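Here's the structure we're looking at; comments come further down.
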2 protein chains.
Amino acid sequence: MDTSSSARHTPETRSRILDAAEGLFVEHGFEATSMRMITSQAGVNLAAVNYHFGSKDALIQEVFRRRLTDLNRQRLAMLERLESEAGGAPLKPSRIVEAFFGTALAMAADTEHGGHTFMRLLGRTYTEPNAFVRQFLAEEYAEVLERFLGALYGALPDVPREEILWRFHFMMGAMSYAIAGTDALQLFAGKFDDADPARMLPRLMSFLLGGLRAPLPDYTGLAVKARRGGREAA
Amino acid sequence: MDTSSSARHTPETRSRILDAAEGLFVEHGFEATSMRMITSQAGVNLAAVNYHFGSKDALIQEVFRRRLTDLNRQRLAMLERLESEAGGAPLKPSRIVEAFFGTALAMAADTEHGGHTFMRLLGRTYTEPNAFVRQFLAEEYAEVLERFLGALYGALPDVPREEILWRFHFMMGAMSYAIAGTDALQLFAGKFDDADPARMLPRLMSFLLGGLRAPLPDYTGLAVKARRGGREAA
DNA sequence: GTCTATAAGTGGATAGAC
DNA sequence: GTCTATCCACTTATAGAC
């Protein structure tokens, strides 16, 4: 944000800190990453973080804002292009899904400029315990989420909105694991022969669309009251 | 609350600590949860954790082991029952998926004995940065994962194993978000009208099976280079 | 803008009384 | 097994020199 001409002498310190923080947050999480780790990784002085960002929390926020603004702008632009091309007609669900998740996967495929690192971080942060981070993320996402859900409601008029909502949520979970799984997860470690990022998009898209267009669930036979305790053996 | 006023003997100190830790880990994460928070929530002395478990890391491990052993035993028992019922014939994919994810959702529906709390924690922990936690989880899951993947390979002989592997991974992501989403996520906050846990199983199952049985992705037009590990699927 | 030094506080872990 | 009192490594954040 600081664009004063006198600050020209150290133009990199800010972004060096952001890059270092991004990488360390992915590797260790927010709490386990100390200011000392960040500044030493970035090759800057310990006090620089507080000078440039004010606090650790503000730094975390800026790590997300810097990339998320761009990602969500891309998403909205893509959706608007689809809508103007369709000229009032309902969009194909596959195009909507691709506009939302394809942009994310494109960013995740960029290993050179930190996009991959960031998307791993983002995927995990949806379920982040830190309340302030979740709150901030929800605000950053509010508009784009509203727009894409609205587009899906229009594209799938026969599917109850509640189901679309849940399925969109499931899709976000699948995507997070898709990105995390290529290198972060130990669970499937050594099992994947083919983790080519270029194949991830068609791979994930098939799965997502299959799930989105699946037959609606059958709720008949469910007790009205929620059952609890899975212990029972019929 | 206080059961005995005379003797401060608390034979259940261990489990009180485990319960408190489980809840606080979900709410704040491992790093942000201090021993002092845990012991004060459990109503026991600070030193009790180190006496009973040895260290904070060992406590974390025990929080998982206590429930995961049971969950995975249920899963394997369910799978074995399916296999013995089928008598050598290949299983239906839907039954396999239900055996794995249905047991997890049943545990997540149990809000009274902490199952719900634990499943939220578990879902997040697959992508946990803490290496020691991930490693431990991978070991706990090794057998059950091997067995269920094998069953799916047999049930879907025409689908390349690599695709099944990825899709299973996607399914786990969807399930994690399904469980987390009912109360942890802020992103969709206020949007869900119907978060009835009893409806979650059919809801999620439709999505998962739709994704698992989706048409295979079309890789034509993608560059074949940049593959690692070298094994080519025929 | 960058640095050193330090303040003010929290973390996990333990020794030793009971 | 449970408790108190404590150790000290390590945290974020800041004051003030350059």
Side-chain angles (χ1 to χ4, degrees), chain A residues 1-25 27-64 128-133 136, chain B residues 1-25 27-64 128-133 136:
Chain A
M1 283 306 178
D2 189 351
T3 50
S4 65
S5 43
S6 62
R8 268 286 190 228
H9 211 268
T10 53
E12 296 178 355
T13 300
R14 248 186 90 93
S15 50
R16 289 173 63 86
I17 291 172
L18 288 170
D19 290 341
E22 191 172 65
L24 288 165
F25 287 157
E27 205 171 341
H28 303 107
F30 300 119
E31 298 278 347
T33 302
S34 69
M35 304 281 247
R36 280 169 176 81
M37 289 163 74
I38 295 168
T39 50
S40 96
Q41 168 100 351
V44 303
N45 187 272
L46 171 62
V49 170
N50 274 306
Y51 177 80
H52 284 279
F53 300 96
S55 71
K56 186 183 179 182
D57 273 2
L59 169 63
I60 295 177
Q61 204 156 329
E62 182 59 18
V63 164
F64 283 95
E128 167 70 27
N130 185 323
F132 129 80
V133 176
F136 165 72
Chain B
M1 305 302 173
D2 197 346
T3 50
S4 71
S5 49
S6 58
R8 225 42 179 114
H9 295 285
T10 47
E12 79 259 7
T13 297
R14 254 185 84 93
S15 48
R16 290 173 61 86
I17 292 173
L18 288 170
D19 289 342
E22 191 171 65
L24 289 165
F25 287 158
E27 206 172 340
H28 303 106
F30 300 120
E31 297 278 347
T33 302
S34 69
M35 305 278 250
R36 284 166 177 84
M37 287 162 74
I38 295 168
T39 50
S40 98
Q41 168 100 349
V44 303
N45 188 273
L46 170 62
V49 170
N50 274 308
Y51 177 81
H52 284 279
F53 300 96
S55 71
K56 186 182 178 181
D57 273 2
L59 169 63
I60 294 176
Q61 204 156 330
E62 182 59 19
V63 164
F64 283 95
E128 166 71 27
N130 185 324
F132 128 81
V133 176
F136 164 72

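Per chain, numbering begins at 1; letters A, B, ... match sequence-line order. Side chains are part of it too, since the values below use all heavy atoms of this structure and drop only hydrogens, waters and symmetry mates. Every value quoted in this text rests on a predicted model; they were computed, and no experiment measured them.
Whole-Å rounding puts the A/His28 NE2 to D/dT11 P distance at 12 Å.
Side-chain contact check for B/Phe132 versus B/Gln61: some heavy-atom pair is nearer than 4.5 Å. For the pair A/Met37 and A/His28, the minimum side-chain heavy-atom distance is below 4.5 Å.
In this model, the phosphate group of C/dG1 is not approached by any side-chain N or O of A/Thr13 to a distance below 4.0 Å at OP1 or OP2.
Considering only residues two or more places apart in sequence or on other chains, B/Glu31 meets the salt bridge (Lys or Arg N to Asp or Glu O under 4.0 Å) condition with none of them.
Closest non-hydrogen pair, B/Lys56 versus B/Phe30, comes out as NZ-O, 2.9 Å. In terms of heavy-atom proximity, A/Ile38 sits nearest to A/Ala20 at O-CB, 3.7 Å.
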When you check every protein heavy atom under 4.0 Å of nucleotides 3-18 of chain C, what one-letter string (B, S, -) results, 5' to 3'? BB------BBBB----
